[in-house]
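All chains are named by letter (A, B, ...) in the order of the sequence lines, taking the proteins before the strands, and each is independently numbered beginning at 1. What you see is a predicted model; the values in this text were computed from it and never measured.
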Number of protein chains: 2
Amino acid sequence: MEAAFKAINDVTRREILQFLIQGPQNAGQIAKQFDMTKPSISHHLDLLKQAQLIDAVKKGQFIHYSLNKKGFESIHQWFQGFAQHFEFPKPKIRL
Amino acid sequence: MEAAFKAINDVTRREILQFLIQGPQNAGQIAKQFDMTKPSISHHLDLLKQAQLIDAVKKGQFIHYSLNKKGFESIHQWFQGFAQHFEFPKPKIRL
DNA sequence: ATATTAATTAGATATTCGCCTAATTATTTA
DNA sequence: TAAATAATTAGGCGAATATCTAATTAATAT
């Protein structure tokens with residue numbers, strides 16, 4: 001849980017997560033989205049992986065990254081502890 | 001939103017939020033819960049306030065702190081963007 | 001086999017963070 | 001008004017963080 005909070009406390013990492021909503025992407029494709037060197041992105045991916053917010057699977061010389069439910073669950077769980085004390089706007093139903 | 005993510009990326013601050021679930025407390029009462037100097041707690045309270053995760057109202061020489069829905073909402077909103085891509089366990093109904 | 005491409009690891013550096021002690025502000029009480 | 005109490009602000013310091021360049025590893029293609 002510690003790791004998840006740490007991971008989302010950075011704009012770039014949050015943007016990487018946003019980007020991955022579109023679906024799995026390899027490290028190069030991710031790096032291209034940002035005005036930042038590949039090593040830096042690589043480091044961010046590592047932290048996101050440690051937090052289990054993303055998964056990494058190697059396919060040849062590429063590594064495909066995708067969102068991992070697990071990390072989000074740990075944040076969600078923490079949040080639930082407070083949600084009971086507030087009323088949050090329910091997401092609109094999509095017809 | 002930036003401020004909220006930053007604020008919850010610290011154990012002490014998360015514990016302060018937990019403590020405030022019990023209801024409003026003044027700075028001294030909060031500080032007593034932690035093995036840390038008052039100035040340090042004061043600083044944590046400041047960050048939580050900046051993130052609108054807590055409110056502060058002065059009552060005489062005391063300052064009463066309480067949870068503020070606003071900051072939690074900003075986190076919730078961010079989270080919702082991902083919740084639609086995963087299925088999260090619904091909290092058990094309390095009878 | 002060699003060169004190319006994808007990605008990470010290593011090492012350096014500037015900035016931010018969390019904590020402390022000391023000093024300050026503001027309020028209440030004697 | 002002076003002393004005591006509640007809390008913050010100021011300043012300093014070591015640890016953690018984000019970024020970069022250079023070097024390394026691993027896989028593909030010529």
Side-chain angles (χ1 to χ4, degrees), chain A residues 1-20 22-68 71 75 78, chain B residues 1-20 22-68 71 75 78:
Chain A
M1 196 189 72
E2 192 68 39
F5 284 116
K6 173 178 169 174
I8 62 173
N9 184 32
D10 180 271
V11 205
T12 303
R13 289 194 289 268
R14 288 196 300 273
E15 286 176 359
I16 290 173
L17 292 176
Q18 289 284 349
F19 181 54
L20 289 178
Q22 301 178 204
Q25 310 281 348
N26 65 49
Q29 293 174 310
I30 296 170
K32 247 183 293 177
Q33 304 293 316
F34 300 89
D35 184 22
M36 194 175 289
T37 64
K38 281 184 72 172
S40 295
I41 295 296
S42 191
H43 175 240
H44 285 309
L45 291 171
D46 184 44
L47 291 180
L48 288 168
K49 199 169 53 169
Q50 282 180 42
Q52 301 186 87
L53 287 160
I54 63 174
D55 265 335
V57 312
K58 188 158 189 173
K59 274 276 171 66
Q61 69 188 141
F62 296 86
I63 299 180
H64 291 285
Y65 288 96
S66 57
L67 295 179
N68 180 356
I75 297 170
W78 173 82
Chain B
M1 198 192 70
E2 191 68 40
F5 283 116
K6 174 177 170 175
I8 62 173
N9 184 32
D10 180 89
V11 205
T12 303
R13 288 193 290 267
R14 289 196 301 272
E15 286 177 359
I16 290 174
L17 292 176
Q18 289 284 347
F19 181 53
L20 289 178
Q22 301 177 203
Q25 311 281 345
N26 65 48
Q29 292 173 310
I30 296 170
K32 247 184 292 175
Q33 304 293 317
F34 300 90
D35 184 20
M36 195 175 288
T37 64
K38 280 183 73 170
S40 295
I41 295 296
S42 189
H43 174 240
H44 285 309
L45 291 170
D46 183 44
L47 292 180
L48 288 168
K49 198 170 51 170
Q50 282 180 41
Q52 299 184 287
L53 286 159
I54 62 174
D55 265 332
V57 312
K58 189 157 190 174
K59 274 277 171 66
Q61 71 189 140
F62 295 88
I63 299 180
H64 290 285
Y65 288 96
S66 57
L67 295 179
N68 179 356
I75 296 170
W78 173 83

Rounded distance (Å) that lies between atom [atom2] of [N] and atom [atom1] of [X]:
| X | N | atom1 | atom2 | result |
| --- | --- | --- | --- | --- |
| B:Lys38 | D:dA4 | NZ | C1' | 12 Å |
| A:His44 | C:dA7 | NE2 | P | 16 Å |
| A:Ile41 | C:dA6 | CD1 | P | 16 Å |
| A:Lys49 | C:dA7 | NZ | P | 13 Å |
| A:Lys6 | C:dC17 | NZ | P | 14 Å |
| B:Tyr65 | D:dA7 | OH | C1' | 8 Å |
| B:Asp35 | C:dC20 | CG | P | 8 Å |
| B:Gln29 | D:dA6 | CD | P | 10 Å |

- Any side-chain N or O of B:Ser40 less than 4.0 Å from the OP1 or OP2 oxygen of C:dC20? yes
- Query: Can you find a side chain N or O atom of B:Thr37 that sits less than 4.0 Å from OP1 or OP2 on C:dC20?
  - Reply: yes
- Item | A:Leu47, nearest nucleotide to its side chain (from D:dT8, C:dA10, D:dA18) | D:dA18
- Nearest of C:dC19, D:dT8, C:dT8 to any side-chain atom of B:Thr12? C:dC19
Are the side chain of [X] and the backbone of [Y] linked by a donor-acceptor contact shorter than 3.5 Å?
| X | Y | answer |
| --- | --- | --- |
| B:Gln29 | B:Asn26 | yes |
| B:Arg13 | B:Ala7 | yes |
| B:Arg14 | B:Ile8 | yes |

Contact class for [X] (heavy atom, under 4.0 Å): base, sugar-phosphate, or nothing?
| X | answer |
| --- | --- |
| B:Asn26 | sugar-phosphate |
| B:Asp10 | sugar-phosphate |
| A:His43 | base |
| A:Phe34 | nothing |

[atom1]-[atom2] distance between [X] and [Y], expressed to the nearest 0.5 angstrom:
| X | Y | atom1 | atom2 | result |
| --- | --- | --- | --- | --- |
| A:Met1 | A:Phe5 | CE | CZ | 4.5 Å |
| B:Ile63 | B:Ile30 | CD1 | CD1 | 10.0 Å |
| A:Leu67 | A:Leu48 | CG | CG | 9.5 Å |
| A:Met36 | A:Glu15 | CE | CD | 8.5 Å |
| B:Tyr65 | B:Leu45 | OH | CG | 5.0 Å |
| A:Asp10 | A:His44 | CG | NE2 | 4.5 Å |

- Item | Earlier contact from the 5' end, DNA chain D, for B:Ile63 and A:Arg13 | B:Ile63
- Do the side chains of A:Gln22 and A:Gln25 get nearer than 4.5 Å, heavy atoms only? yes
- What is the bend of the helix from C:dA1-D:dT30 to C:dA30-D:dT1 when you compare the axis at one end with the axis at the other, using five pairs each and rounding to 10°? 10°
For nucleotides 24-30 of chain D, tabulate all protein N/O to nucleotide N/O atom pairs closer than 3.5 Å, reporting atom names and distance.
residue : atom : partner : partner atom : Å
D:dA27  : O3'  : A:Gln61 : N            : 3.4

